Every structure is written in structure tokens, then in C-alpha cells.
Amino acid sequence: RIQDRQGPAAPLCPPPCQCEEDGIFIMVDCSEMGLSSVPTNLSPLTTYLDLSMNNISEIQPRAFHRLHLLSELRISGNQLRYISGHDLQGLNNLKVLMLQNNQLERLPDDAPWDLPNLLSLRLDANLLSEVPAEAFRGVRSLRHLWLDDNSLTEIPVMALDSLPSLQAMTLALNQITHIPDYAFTNLSALVVLHLHNNHIQTMGSRCFEGLHSLETLDLNYNDLQEFPVAIRTLSKLQELGFHNNNIKAIPERAFVGNPQLQTIHFYENPIQFVGKSAFQFLPKLHTLSLNGATQIQEFPDLKGTTSLEILTLTRAGLSALPLDLCEQLPRLRVLELSYNQIEDLPSFYHCSALQEIGLQHNQIRRVESSTFHQLTSLRALDLSWNIIEWIHPDAFASLHSLIKLDLTENHLSSVPVAGLGGLTHLKLRGNTELYEAFSPDHFPHMRVIEMPYAYQCCVYGSCDNYKPASQWDTEQSNTNEDLHKRTVAMYPIHGDTHYDPDLEEFQLEIEESKLQTSVQCTPTPGPFRPCDSLLG
Amino acid sequence: PHKQISGVSSGCQQGGCLTCSDYNGCLSCKPRFFMHLERIGMKQIGVCMTSCPPGFYGTRSPERNTCTKCRSECDSCFNKNFCTRCRAGFYLHLGKCQESCPEGLVRSDTQRECV
């Protein structure tokens with residue numbers, strides 16, 4: 001540390017700051033030291049200066065005029081209200097300027113900051129209500145600009161015209177209500193634009209003209225009434241968010257201009273209508289979620305959207321599925337179509353990657369042998385709350401990975417068990433015509449099973465706790481003694497010491513394995529739900 | 001060099017803390033500060049900052065301001081998909097840190113950029 005080697009010459013490290021050498025240069029940390037002004041005797045060899053979290057309310061004239069080599073200046077977390085162009089004179093090499101968490105109310109207009117090499121400018125968490133047209137005339141190399149968490153009511157269109165090299169900008173958490181046409185015309189290098197948490201209600205249909213490089217656009221948490229058709233010009237767009245808005249419809253060919261889209265987040269919108277061709281030709285889209293769009297009567301045409309892995313389309317008005325659904329979506333992993341009116345199912349044969357299918361709360365009557373044929377990766381299948389009367393004996397035969405099957409509340413009188421050997425969860429509650437007591441041998445891995453009637457749980461030993469107490473105790477104690485004898489034979493205990501850690505551990509293992517094999521079967525039999533079927 | 005040397009005092013002496021405990025540091029921050037959990041040995045200390053530490057980016061929202069880790073190849077970033085400075089061995093171009101540069105650009109080791 002430089003403090004220890006102070007000579008008579010002007011101190012390199014102004015007290016009470018801490019300094020560190022970086023070759024011939026020095027890095028000065030004066031953060032959180034209760035300073036009310038910039039230290040005066042800073043070395044010209046300073047490349048990094050941290051003045052954050054002090055009580056500095058203004059920058060005295062010529063405070064930085066010798067710091068031509070300063071690369072990073074942090075004055076965040078102070079009480080600065082205004083910084084003129086003169087205040088920052090001399091910082092020709094400055095690359096990073098952090099002014100966030102101050103009280104800046106305005107930026108210089110007539111004599112703007114002259115920072116020709118500035119790359120990153122943080123102005124977030126201040127009190128700026130506007131940005132003068134000339135404010136950025138002296139920072140033309142700027143790449144990253146933070147203006148979020150201020151009080152802007154408009155996009156600073158004129159000021160942004162001075163920033164041809166800008167690549168990332170956030171205007172989030174302001175009070176912007178409208179985006180005018182040609183708002184970002186000169187920002188051809190902009191890759192990221194955050195506008196979330198404003199009050200944007202309307203946008204010019206040409207407001208994003210000029211943003212040829214834009215990849216991420218964040219319009220979440222605004223008050224948009226219409227779908228932002230202006231995105232049509234964003235040919236490089238990869239990530240789009242407009243969730244938590246007030247949009248009611250997604251038009252036909254909505255994303256025709258955005259073939260690179262990978263993710264679209266638009267939940268928490270009162271979307272009623274979705275154009276059939278809205279999500280066509282999005283070869284990189286991997287997730288599509290539509291919930292509650294009640295006016296959707298037909299399954300969307302997903303031609304050319306071949307990489308979709310997760311499709312959620314719930315609470316709509318679907319009554320049928322296209323026969324070529326899986327030809328269009330060969331990579332589908334999760335298909336969630338609950339709360340529709342689907343009656344007949346196509347064959348999902350070509351959706352070989354499917355792992356989860358949710359079809360609960362529909363109008364399905366039958367399950368054919370071809371419906372789920374060869375879905376060897378399928379792990380969870382939810383067909384509850386339908387009106388299924390019949391399931392083909394081979395319907396589940398090839399579902400080698402299936403562990404969860406939910407057939408709650410259907411009209412089944414029998415359930416084929418072929419292929420269900422791997423199940424850990426099976427739900428059959430509410431199938432009032434289903435009397436069969438399935439043998440545990442069919443389900444060697446079962447852990448949770450729900451049956452229509454209590455007696456069907458008896459095969460799982462659930463009746464033990466119902467037998468008269470005395471008979472139960474003697475029987476149980478005999479089995480414990482047998483267990484103890486067999487254990488001792490395997491672990492000879494020395495006469496003098498009763499405690500044997502290995503035995504202890506072995507008994508714990510037995511207890512645990514007993515727990516794991518016990519199947520939780522409901523409804524559990526009881527005095528009013530006898531083990532013997534009342535119906536013989 | 002962007003080396004940040006400012007050591008943030010722990011426990012309850014930090015300026016950005018709203019509620020705190022000597023053992024866990026800041027439990028909540030004043031408005032507009034970023035909350036970050038810093039690991040010190042086995043302990044996690046809550047720290048309230050005006051900017052997230054190197055290797056993290058800040059996200060402001062009306063409810064709270066959080067720090068999230070950048071991609072592994074970035075030293076610093078604007079958000080999870082846009083780097084502003086790369087780790088050694090990677091070179092920055094339009095927010096991406098890659099081991100090679102697009103045609104027409106060359107690797108600058110001092111700036112860790114494609115130039």
C-alpha cells in the first residue's frame with residue numbers, strides 16, 4: 001500500500017483514502033469516508049478514483065483538471081445536483097463515469113461534458129425530468145448508457161442523435177407515455193433497449209426505424225393497448241418482452257419481420273384473439289405460452305416454427321388438434337393444453353421428444369393405441385377431468401419412462417396396465433365404475449396411488465392399521481423379534497459391549513427401506529370404509 | 001484497469017442499509033440501492049450498494065433492485081446477454097465475449113476486444 005511509503009513530496013495517496021499501485025499508476029479508493037468535497041492533491045498518475053458513498057454536493061472547479069490518465073471515476077451515492085462541462089475538464093481518457101444515486105436534476109446544455117473516450121455513463125437513480133438536446137454532444141464514443149429510475153416523461157430523441165456508437169441503453173423506470181416515430185433513428189449499433197416500468201400507452205408505427213442491430217427489446221410493465229407492430233423493422237430481434245401490459249390481440253403475421261426471435265414473453269395481458277398465422281416462421285422460437293385467450297378457436301398454424309420445445313395453450317376454445325401437429329413441432333418436450341374443449345386426439349407419434357403432456361379439463365372420450373405410441377421419453381401424462389370411457393389395451397404399452405399418470409374424474413371401468421410398470425404416481429379417483437383392485441405386482445415402484453374406493457387400497461397393506469388392536473400387537477411384535485434374531489446372526493455382538501455402531505447403522509437402513517416400500521394409498525380403509533368390497 | 005478495490009464496510013456501518021444486523025449485515029436496503037449477498041467464509045453478508053460488484057449486473061424494479069451474475073466469460077455486463085468487458089482469453093464484440101473475432105477484426109489482448 002502506498003500509505004506506508006509517504007515521502008516529504010506531495011502525498012500520492014490523499015488521506016483518508018486508500019490507494020494501490022498498478023504499475024506506475026495508482027488506484028485511489030475514497031469511498032464511504034464522509035468526504036464533502038473531492039480531495040485536492042490527487043496524483044496525475046491516478047487511473048481509478050472511487051468517491052462513492054460520500055457527502056459531496058458539488059465538484060469544485062478544476063478538481064480533475066490534472067487527471068488526464070483517469071480511466072474510471074465513481075461519484076455515485078453522493079448529493080450532486082448539477083455537474084457542468086467545466087467540472088469534468090481534463091478527463092480526456094475517462095472511459096467509465098458513474099453518477100448514479102445522486103440528485104442530478106438537469107444535465108449541461110450549452111457547455112456539455114467533453115469526454116471523448118467515454119464508453120459507459122451511469123445516470124440512473126437521479127432526478128432528471130429531461131435530457132437537453134446537446135447533453136451528449138461531447139461523449140460521441142459512448143456505448144453503454146443508464147438513464148433508468150429518473151423522471152423522464154419523453155424519449156430524449158434529440159440527445160440520442162449524438163450517440164452513433166451506443167450499444168446498450170436503459171430508460172426503464174421513468175414516466176414515458178409515448179414513443180414517437182423515428183425516436184432512435186441514429187442508433188444503428190444499439191443491441192439492447194430496456195423500456196420496462198414506464199407508462200407507455202402508444203407507439204408510432206415507425207418508432208423503431210434505424211435499430212438495425214437490436215437483439216433485446218424490453219417493453220414489460222407498461223400500458224400498451226395495442227400489439228407493438230413497430231417491431232416489424234427489427235430483423236435481428238432475439239428476445240422480446242411485453243408482459244404485464246393491456247394488449248387484447250396478437251394480429252396475423254405479428255412477427256413476420258422477426259425471424260431471429262428466440263423468446264417472447266407476453267403473459268399478464270388480457271389477450272383474447274391470436275391470429276392463426278401470428279407465430280409462423282419463427283425457426284428459433286423455443287417457448288410459446290398462451291393462457292386464457294378465449295377467442296382462440298383454432299390451433300395456431302406453426303408452419304416454420306420448428307424449434308418449439310414448450311407449447312402452452314390453456315383456457316382457450318380449442319376443440320380439435322391438427323393431425324400434423326407433430327410434423328410441425330418435432331422437438332416438442334412439453335405440451336400443455338388444459339382447460340380447452342378438445343374431444344379427439346391425434347397421434348403424437350412424431351413428437352418423440354415429448355416428456356410432459358397436460359390434457360386435463362377437456363372433453364376427451366377415447367384413447368387409441370396410436371395416440372401415445374412410441375413416446376419413450378414421456379414422463380408425465382395428465383388426462384384428468386375428461387370423459388374417457390375407453391382406453392385401448394396397448395395405449396400405454398410403449399411408455400417406458402412414464403412415472404406419473406393422472407386419470408382422475410373420468411368414466412373408466414377398466415385401465416390397461418401394460419407399460420405402466422415404472423409408475424410412481426397413479427390417480428384414478430372419481431372413476432366410479434372402476435372396481436378392480438390392481439395388484440401391487442403391476443406397479444413395483446409405486447409410491448402414491450389414489451383409488452376410487454378404499455377397499456382397493458387393501459392390497460397395499462393399508463388394512464393393517466384397521467385390524468383389532470390386540471391381535472395387531474402380538475403379530476407385529478413377533479415380526480420384530482424375527483428381525484432382531486436375523487440381524488444378530490449377521491452381526492455377532494461381543495459379550496461385554498452392547499453397543500455396535502455397524503449394527504445401529506444396519507438397523508437404520510432396515511427402518512428406512514421399510515419406509516420407502518410403503519405405498520401411500522388413498523382413500524385409506526376405516527371403520528366406515530371396510531376392506532371387503534360391499535359390492536362382493 | 002477496472003479493478004475495484006473499494007472494500008464495503010460490513011455489518012451495520014454501511015450507508016445504504018435500511019435494516020441490518022451485526023451478524024448478517026444489511027437485511028434490507030434504502031430505496032434505489034442494490035442488495036447483494038457477499039460470501040465471507042461460511043457466512044453471507046447483506047451489502048447495499050449503488051452498483052453491483054464486478055461480474056454482476058443490476059436490475060432496477062419498483063419493488064427492489066437486485067444483482068445477478070453475468071455470463072461466465074464476462075468480467076462485467078449490462079444484462080445477462082450483453083457483456084461490457086470480457087474475461088482474459090475472450091474478446092468483446094457487440095456485447096458478446098468470444099474466443100475469436102469476426103472477419104475483418106483482430107484480437108486486442110490489452111482491451112480484450114475485437115478491434
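In what follows, chains are A, B, ... by sequence order, proteins preceding strands, each numbered from 1. All values derive from a computational prediction rather than experimental measurement.
- Both the backbone and the side chain of A:Thr170 come within contact range of chain B, with heavy atoms under 4.5 Å apart.
- If you check the side chains of A:Glu239 and B:Asn81, you find a donor sitting under 3.5 Å from an acceptor.
- Among residues 58-70 of chain B, the residues having any heavy atom closer than 4.5 Å to a heavy atom of chain A are, in sequence order, B:Arg60, B:Ser61, B:Pro62.
- For A:Asn197, the part lying under 4.5 angstrom from a heavy atom of chain B is the side chain only.
- A side-chain donor-acceptor contact under 3.5 Å links B:Arg32 to the backbone of A:Asn126.
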Test side-chain contact (heavy atoms from CB on, under 4.5 Å) applied to A:Glu215 and B:Phe82, step by step:
CA-CA 10 Å; A:Glu215 294 178 6; B:Phe82 191 92; over 6 Å; no
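- Side-chain contact between A:Gln167 and B:Phe78 is absent, with no heavy-atom pair separated by less than 4.5 Å.
- Contacts between A:Gln238 and chain B at a heavy-atom distance below 4.5 Å are absent for every atom of the residue.
- Rounded to the nearest 0.5 Å, atoms OG1 (B:Thr50) and CD (A:Gln100) are 5.0 Å apart.
- Looking at A:Met33, there are no atoms closer than 4.5 Å to chain B (heavy atoms on both sides), in backbone or side chain.
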For A:Met53 and B:Phe33, run side-chain contact (heavy atoms from CB on, under 4.5 Å): C-alpha distance rounded to whole Å, both residues' side-chain angles, the deciding distance at 0.1 Å, then the answer.
CA-CA 11 Å; A:Met53 298 293 289; B:Phe33 278 81; 3.5 Å; yes
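- Residues of residues 94-115 of chain B having a heavy atom under 4.5 Å from any heavy atom of chain A, listed by number: B:Leu94, B:Gly95, B:Lys96, B:Glu113.
- Interface residue A:Leu145: only backbone heavy atoms are found under 4.5 Å from chain B.
- The shortest side-chain heavy-atom distance between B:Met49 and A:Ser52 does not fall under the 4.5 Å cut-off.
- Interface remark: A:Ala125 contributes backbone and side-chain atoms alike to the contact with chain B (heavy atom separation under 4.5 Å).
- Note: A:Asp149 leads A:Val191, A:Leu119, A:Asp149, A:Asp124 in heavy-atom pairs under 4.5 Å with chain B.
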